[in-house]
Trainee: 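Before we start, here is the structure in question, set down as structure tokens.
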Amino acid sequence: MEEPGEIEIILPDGSRRTYPRGVRAADVVRDIGPRLARDAIAVKLDDEILELFRTLDRGGRFVVLTWKDEEGRYCYRHTAAHVLAQAVKRLYPDADLAIGPPIDDGFYYDIDLDKRLTPDDLEAIEAEMRRIIAEDLPLERFELPREEALRLMEERGEPYKIELINDLGDDQVISFYRQGEFVDLCRGPHAASTGRIKAVKLLNVAGAYWRGDENRPMLQRIYGTAFESEQELQEFLWRREEARRRDHRRLGPELDLFHFDDVAPGYAFWHPKGTIIYNELVRLSRELQSRYGYQEVRAPDILKTDLWRISGHWEHYRENMFLIEDEGTVYGVKPMNCPGHALIFKARTRSYRDLPLRMAEYGHLNRFERSGTLHGLLRARGFVQDDAHLFVREDQIEDEILHCLALVDEIYGRIFEMDYSIDLSTRPDDFMGDPALWDRAESMLASALERAGRSYRVAEKEGNFYGPKLDFHMVDSLGRRWQCATVQLDFQMPQRFDLVYTGEDGREHRPVMIHRAIMGSLERFIGILLEHFAGAFPTWLSPVQARVIPVAADYAGYARQVRDRLAGRGLRAEVDERNEKVGWKIRQAQLEKVPYMLVVGAREAEAGTVAVRHRDQGDLGVMPVDALVDQLAAEVESRSLRPRVGAEGAD
RNA sequence: GCUGGCGUAGCUCAGCAGGUAGAGCACUCGAUUCGUAAUCGAGCGGUCGCGGGUUCGACUCCCGCCGCCAGCUCCA
């Protein structure tokens, strides 16, 4: 029991300890264990994160935060950001500090400085940071009343900090952190000393607006990262380098899949090999959707503005649309398929028996994206979605959402074996319709997720103008997250288009529309896959599935026979008849990420066999052409991610 | 769109105090007929992103535009 003058804390394992009131957090941590004391970055008392130098004046649930905790990393990198700011101030005393928070992979600090920082400057700043770390300056926290806080920042000549203080509410504590000669307005929390930072690296510098507002001054944002050990830092840098190496904008043209040209910013030119991948994905989508009860349609690309006014796009999406004028009439190029589908729904009377009606379209969409936002295939102006609109009765919504979840699982889980997380995006500021309806729609999405037993995160105000949505973020082989699939509820469009169906009661009822895409934009999806697989697509997606390599010109005839056998089973095979040595052809095929290389010479031609080599597994030995064709066809038909040719491939 | 950087052969890049461009790979041809990641030789290829200006002369300096890259903002 807690005595007066004592506090009781509860550790994560449920054990309880008492300490004198006012004990330092660091002393409690040291008392728990020396190992933990070394790893500790900060502590958490109930829901409040405190520095190790703070004193505890109440008890509660007590957790020691280390590098393993997201909150621990956050504190650690937040302090690293302060070290950065301190280094900048030492080297450039006239720099004005803005904000410097930790972010997922590191931290940044926005500063206002007349001199433009170069990579060399970053190195100098980094060297200064190391000095500050070596100085092992203890951090100290203090609070000031508003007037004194303003005076302090006035003295130190920090206009951005003054603005921040002025914007703080009256109920908010104004706290500062000091380390050596450096003082920063900051909410915290932090590590206890600059010496706690083990490995730092400044990464780059880029422009960023003060408070993200393009009408405000442009500041210089210095990005950096910090890790618990030099080794982890090196691993991070390697991953970054690997991501650069896998960049789809580099791999795509290199593998002859697509290219971009100045004459069409934001639009890919799909080469034959890229088009094969594109078409394979559409084929997969068609197969699954037809199994899931979808019907495919095709709606016009260019529609009068009358249509876009009805749909609400004119009001909410016009700046993202390409407009065409002809004979005084303005047309909009479709950025979304939904209005077209609404018109197809409306083209005849619909019965409740028709619902849910699932309308799919691989329509080409054009969106005018601002030039600075384009990013290869991942952010294009022209793309195709595996898009569909589901027209459902209100009582079918949850089941339809579950039906969508199953399809997402099928593609991401079963076919690509990628993990994903789900966001529920709620009503944005620029919304259409009745807030009460929004609330209901949001709760329907939540309850569907709960029924499916899926965990999710709520993304406030991230919904579309016409309804709340679920966004699915895939995790690729480098741990990066990408948004692809989306499921969006829409009560607005049916109303605006006056969509109705005849119910069992013989009266007219309003359907609900669900917009959904699974792969999302095929362009983006291919870009992500390209980076995920580093160009080495699974065999079913590979533009060239097998390359037959005759060891000399004499065996080209046999090589062609092998190719024809493969082609006869619908496999994509070709012969490398160039006048080169085997080693060279192998190298070429490896670089092109061709999954199977089939070497043929006198022995193979004689026996009706091929010597099989897989791009990752190397030499798989010699096997009869029949067996190879069967196994390869099985691998492709099952859309296997792994090679299934060879001894253990026969399962 | 905004801030900064960049734009030389199909690709990767060199070059220049301003004196009208060079390498490797790719491609073509020739020789070689070859057994699992680079055979040798020759040839072809550039109004140095586009347009203006300064200059006797501009790939090089200046201005404008286009595109790309890193961010900001926005998003499938």
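Chain identifiers are assigned alphabetically (A, B, ...) following the order of the sequence lines, protein sequences preceding nucleic acid strands; residue numbering begins at 1 within each chain. Nothing here was measured: the structure is a model prediction, and the numbers come from that model.
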Trainee: What I want to check is whether an N or O donor and acceptor connect the side chain of E369(A) with the base of rA76(B) at under 3.5 Å.
Mentor: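 By the distance-only test, yes, there is a pair.
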Trainee: If you draw the axis of the six-membered ring of Y456(A), does the NZ or CZ of R454(A) fall within 45° of it and under 6.0 Å from the ring centre?
Mentor: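 No, a cation-pi geometry is absent between R454(A) and Y456(A).
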Trainee: How close do P339(A) and W308(A) get, heavy atom to heavy atom, and via which atoms?
Mentor: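 Of all heavy-atom pairs spanning P339(A) and W308(A), the closest is CG-CZ3, 3.4 Å.
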Trainee: Hey, is the side chain of R370(A) pairing donor to acceptor with the base of rU73(B) inside 3.5 Å?
Mentor: yes
Trainee: Got a sec? Which of residues 262-277 of chain A come in under 4.0 Å of RNA chain B, heavy atoms?
Mentor: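 D262(A), P265(A) - these, ordered by number, are the residues of the stretch whose heavy atoms sit under 4.0 Å from the strand.
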Trainee: Do the side chain of E254(A) and the base of rG10(B) come within less than 3.5 angstrom through a donor-acceptor pair of N or O atoms?
Mentor: no
Trainee: Judged by modelled atom types alone, do E635(A) and Y596(A) share a side-chain donor-acceptor pair under 3.5 Å?
Mentor: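 There is such a pair between these side chains.
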Trainee: Would the base of rC72(B) count as contacting R221(A) through its side chain, where contact means a donor and an acceptor less than 3.5 Å apart?
Mentor: no
Trainee: With no hydrogens and no angle check, just 3.5 Å: does a side-chain donor-acceptor pair link Y292(A) and E410(A)?
Mentor: yes
Trainee: May I ask you to say what F525(A) touches in the nucleic acid, namely base, sugar-phosphate or nothing, with a heavy-atom cut-off under 4.0 Å?
Mentor: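 Here F525(A) touches no strand at all.
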Trainee: Quick one: is rA70(B) close enough that its OP1 or OP2 comes under 4.0 Å of any side-chain N or O from H375(A)?
Mentor: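 Result: yes.
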Trainee: Among rG1(B), rA76(B), rA26(B), which nucleotide sits nearest the side chain of Q385(A)?
Mentor: rA76(B)
Trainee: Between rC72(B), rA38(B), rU39(B), which nucleotide has the shortest distance from any of its atoms to the side chain of R587(A)?
Mentor: rA38(B)
Trainee: So does R524(A) reach the base of rA76(B) with its side chain, donor to acceptor, closer than 3.5 Å?
Mentor: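 When only heavy-atom distances are counted, R524(A) does not reach the base of rA76(B) through any donor-acceptor pair under 3.5 Å.
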Trainee: Ignoring hydrogens and geometry, is there a side-chain-to-backbone donor-acceptor pair from E361(A) to A388(A) under 3.5 Å?
Mentor: no
Trainee: Has R381(A) got its NZ or CZ under 6.0 Å from the middle of the six-membered ring of Y267(A), at an angle within 45 degrees of the ring axis?
Mentor: no
Trainee: Sort by first number and list every stem of RNA chain B: at least 3 consecutive Watson-Crick or G-U wobble pairs, both distances under 3.5 Å.
Mentor: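 The stems are B:1-7 with B:66-72, B:10-13 with B:22-25, B:27-31 with B:39-43, B:49-53 with B:61-65.
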Trainee: In terms of side-chain heavy atoms of I586(A), which of rG1(B), rC34(B), rU36(B) is nearest?
Mentor: rU36(B)
Trainee: I need the full list of ring pair (Phe, Tyr, Trp, His ring centres under 6.0 Å) pairs touching residues 362-387 of chain A, with sequence neighbours left out, sorted by first then second residue.
Mentor: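 Residue pairs passing ring pair (Phe, Tyr, Trp, His ring centres under 6.0 Å), neighbours aside: F322(A)-F368(A).
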Trainee: Does the aromatic ring of F383(A) sit over the six-membered base ring of rA76(B), closer than 5.5 Å centre to centre and tilted less than 30°?
Mentor: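 Whether judged by distance or by angle, F383(A) passes, so it stacks on the base of rA76(B).
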Trainee: Name the orientation class of the two ring planes belonging to F258(A) and F260(A) (parallel below 30°, tilted from 30 to 60°, perpendicular beyond 60°).
Mentor: perpendicular
Trainee: Side chain of R249(A): nearest nucleotide among rG35(B), rC34(B), rA70(B)?
Mentor: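 Of the options given, the side chain of R249(A) lies nearest rA70(B).
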